Amino acid sequence: MSEGRSDVDVLIVGAGFAGLYALYKIRRMGLEALALEAAPSVGGTWYANRYPGARVDIQSLDYSYSFSEDLQQQWRWTERYASQPELLCYANHVADRFGLRDSVSLNTRVTRAHFDEGAQCWRVEADDGRTWTARFVIMATGPLSAPNTPAFKGLATFAGQVLHSAQWPREPVDFTGRRVAVVGAGTSAVQIIPTIAPETKSLTVFQRTPAYVVPSHNGPLDPAYETRIKADYAGHRARNRQMRIGFNSDIPPSSRSALEVSADEREAMFEERWRIGGFAFLGAFADIMTNLNANALAAEFVRRKIREIVADPATAELLCPRQPIGCKRMAVDSVGYYAAFNRPNVRLVDVSQSPIEAVTPRGLVTGGREYEFDALVLATGFDAVTGALNRMDLRGRRGLSIQDKWRDGALNYLGLATAGFPNLFNVAGAGSTSAFTCVILSIEHHIDWIADCIAWLDAHGHKTIEATEKAEAEWMAFVHWVAKQTVFLSCDSWYLGANIPGKPRVFMPLASGFPMYAERCAAAAREGYTGFALA
Ligand SMILES: Cc1cc2nc3c(=O)[nH]c(=O)nc-3n(C[C@H](O)[C@H](O)[C@H](O)COP(=O)(O)OP(=O)(O)OC[C@H]3O[C@@H](n4cnc5c(N)ncnc54)[C@H](O)[C@@H]3O)c2cc1C
């Protein structure tokens, strides 16, 4: 192993929005920091997911950094919901504006990180053999950055082009006149399908479980709205932080139960939220995410919309989800997902009962029938939340590997640290609320907490901090207990690891809402880092 740059205070793995902010924050503390990024670019999610139609499902005035007043005032989003190219441009702007690039090593995949108990530091190795040592490691590796490619028999034999939504080529892909298959019906598929459908000769969608899809009503950002938000951006962000989901403080959830109003009132409220668009729909009533009866009313409203939009009744029924709404991540559509199925060149194949048997050189086989096409788009999601860490040789004390540590499911105190892995922090990890919030808000929260923690350790002469096994066990029990108060355990989802064969079924995100979570993190810090062992 050749010796690379060594002895940085903080090594950051990943240069998406989390890694970039971590770099900014740690360097401002006067510490030496370096970010190692596997991709050839900063931007993380918004570099990898360059598929046609990729965009945020949270309004950009909310889904953006708040740490710099100048940045948030000066940056101009063109649309209410920014597209992937604009988000990637924003990430690059941030890297340049704050002089971060010289501290990012691109094309550098971390393959190994071992804690050296003698030297009390982390020894980190990249795929090209370079090594570093660091007092602290921040795993800014992303909650949705480890693509899931199903192990279809014969996938390598396909003679056409295979594309994964999260590993999209840098050059634009031309689908004109081609026969295309999309496997998947989650959020990425919902964005890809209506975007490419008009170009293709034929588009066949292989769907296992339909998603609930609500419109975004995306369009140019209204200058009057932008001016209003920017007149008190700090206040807007503060109000967002009071929301369970960390955004949409302009459209707070209703405090009423869906079960206590008349059918007409309920319908009017659902219509109003459908007209507003996006995740505001789930806030139409206070109990949609906590009461299956209330949830069923919201779900049936969306199914009625599907039946109204989709002309062919059989196709409409196949597109109608049966799981509780919001239980799997809801999709937000800016193009016209359901209407795409009215096109003569688009067809839907249900693979819920007869799974895909094999990929052949010409196409794929399901239900004993071969479907032929020229390009195969896998919109098959991610090994979410824990996938990026589980793909590394990551070892803590006494050589304990993360795979052994998390064999029965992720254990993570406050969503930030796991016992046996001192001075190693997770961002947007298991046990945090990040998946149910605007993730940038969570990223800023986590990094601020981690930076304060490092400063406190240095000020108090501590060399290491480590979650205790008791604290993390109690925390994950709390995560599970909170999930049980909601509808989230009533379907298979990536929140539970259910999309990955063999992954332990443990509910990973905390559904308590951001304010309660942030207060628990703050309290632990205030009380001298309770739940952590210090040395
Ligand atoms: C298509 C899509 C749409 C999304 N839309 C929204 C949205 O609307 N709202 C929202 O809140 N969230 C959304 N998300 C979630 C999104 O992941 C977060 O909002 C946010 O971008 C996460 O930033 P991050 O820096 O934590 O992770 P990422 O952006 O995933 O960055 C992690 C980086 O770590 C790198 N990395 C991983 N492992 C290694 C390794 N071993 N060595 C070196 N580098 C490594 C990766 O290459 C990647 O660049 C979306 C995700 C996807 C996939």
Side-chain angles (χ1 to χ4, degrees), residues 11-23 34-51 53-60 62-65 81-84 87-88 90-91 94 104-113 124-128 137-148 164-168 186-192 216 245-248 278-279 329-332 334 379 381-394 402 426-429 432-444 446-447 494 514:
L11 207 82
I12 298 156
V13 187
F17 285 135
L20 290 177
Y21 180 54
L23 201 48
L34 176 69
L36 307 178
E37 168 55 60
S41 165
V42 301
T45 290
W46 305 106
Y47 174 78
N49 295 266
R50 290 182 306 273
Y51 57 78
R55 66 173 66 244
V56 270
D57 52 20
I58 292 173
Q59 290 195 52
S60 299
D62 288 357
Y63 185 85
S64 46
Y65 286 122
Y81 294 84
S83 65
Q84 172 272 329
L87 285 151
L88 184 56
Y90 177 69
V94 169
V104 181
S105 178
L106 298 172
N107 299 304
T108 306
R109 177 171 292 282
V110 170
T111 49
R112 183 182 294 176
V124 175
E125 186 179 340
D127 49 0
D128 59 7
V137 171
I138 299 177
M139 288 297 183
T141 43
L144 299 175
S145 64
N148 168 42
H164 193 295
S165 55
Q167 293 165 319
W168 205 260
T187 49
S188 297
V190 165
Q191 295 185 328
I192 293 170
S216 71
I245 56 177
F247 63 100
N248 270 1
F279 283 98
R329 191 172 171 92
M330 199 174 73
V332 178
S334 292
F382 300 89
D383 182 350
V385 185
T386 53
L389 295 191
N390 272 329
R391 288 179 186 188
M392 269 181 229
D393 175 11
L394 173 59
I402 197 71
N426 262 212
V427 181
S432 98
T433 47
S434 58
F436 297 141
T437 65
C438 168
V439 177
I440 298 195
L441 172 133
S442 291
I443 283 170
E444 289 190 327
H446 293 6
I447 304 286
W494 60 255
F514 178 76

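The model shown is predicted, which means the values in this text are computed figures rather than measured ones. All ligand and atom numbering here is 1-based and tracks the order in the structure. Along the sequence shown, residues are numbered consecutively beginning with 1.
Contacts between Ala146 and ligand 1 below 4.0 angstrom, taking non-hydrogen atoms only, are absent altogether. Residue contacts with ligand 1 for Arg391 are absent, since no atom lies close enough (heavy atoms, distance under 4.0 Å).
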Is there a side chain to side chain contact (heavy atoms under 4.5 Å, CB included) between Trp46 and Tyr90 once you walk through the steps?
CA-CA 10 Å; Trp46 305 106; Tyr90 177 69; over 6 Å; no
Residues Glu444, Tyr21; criterion side chain to side chain donor-acceptor pair (under 3.5 Å); working and verdict
CA-CA 7 Å; Glu444 289 190 327; Tyr21 180 54; 5.4 Å; no
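Atom 38 (N) of ligand 1 has its closest protein heavy atom at Thr141 CG2, 3.7 Å. Nearest protein neighbour of atom 34 (O) of ligand 1, counting heavy atoms only, is Gly14 CA, 3.3 Å. The single protein non-hydrogen atom nearest to atom 44 (N) of ligand 1 is Ala38 N, 3.1 Å, given as residue, atom name and distance. Of all protein heavy atoms, the one closest to atom 42 (N) of ligand 1 is Val110 N, 2.8 Å. Among protein heavy atoms, the minimum distance from atom 10 (C) of ligand 1 is reached at Tyr63 CE1, 3.3 Å. For atom 27 (O) of ligand 1, the closest heavy atom belonging to the protein is Gly142 CA, 3.1 Å. Closest protein heavy atom to atom 2 (C) of ligand 1: Thr45 CG2, 3.9 Å.
Below 4.0 Å from some heavy atom of Ser145 lie the following atoms of ligand 1, by number and element: 30 (O). Of all the atoms in ligand 1, the ones that sit under 4.0 Å from a non-hydrogen atom of Phe382 are 53 (C). Those atoms of ligand 1 with a heavy atom of Tyr51 less than 4.0 angstrom away are 1 (C).
Heavy atoms of Thr111 stay at 4.0 angstrom or farther from ligand 1. Contact annotation: Ile443 has at least one heavy atom less than 4.0 Å from an atom of ligand 1. The closest approach between Thr108 and ligand 1 falls below 4.0 Å for a heavy atom of the residue. Residue contacts with ligand 1 include Pro143, since one or more of its heavy atoms lies under 4.0 Å from the ligand. Contact between Trp46 and ligand 1 is present, with at least one heavy atom of the residue lying under 4.0 Å from the ligand.
Closest to atom 48 (C) of ligand 1 by heavy atom, among Arg112, Met392, His446, Glu37, is Glu37. Scanning Asp62, Asp57, Ile58 for the heavy atom closest to atom 7 (C) of ligand 1 points to Asp57. Considering Leu20, Ile440, Val56, Val439 only, the shortest heavy-atom separation from atom 12 (N) of ligand 1 involves Val439.
For atom 14 (N) of ligand 1, no protein heavy-atom neighbour is found at a distance under 4.0 Å.
With hydrogens and angles ignored, the 3.5 Å screen pairs a side-chain donor or acceptor of Thr108 with a backbone N or O of Leu106.
Checking only distances, Ala18 does come within under 3.5 Å of ligand 1, N or O to N or O.
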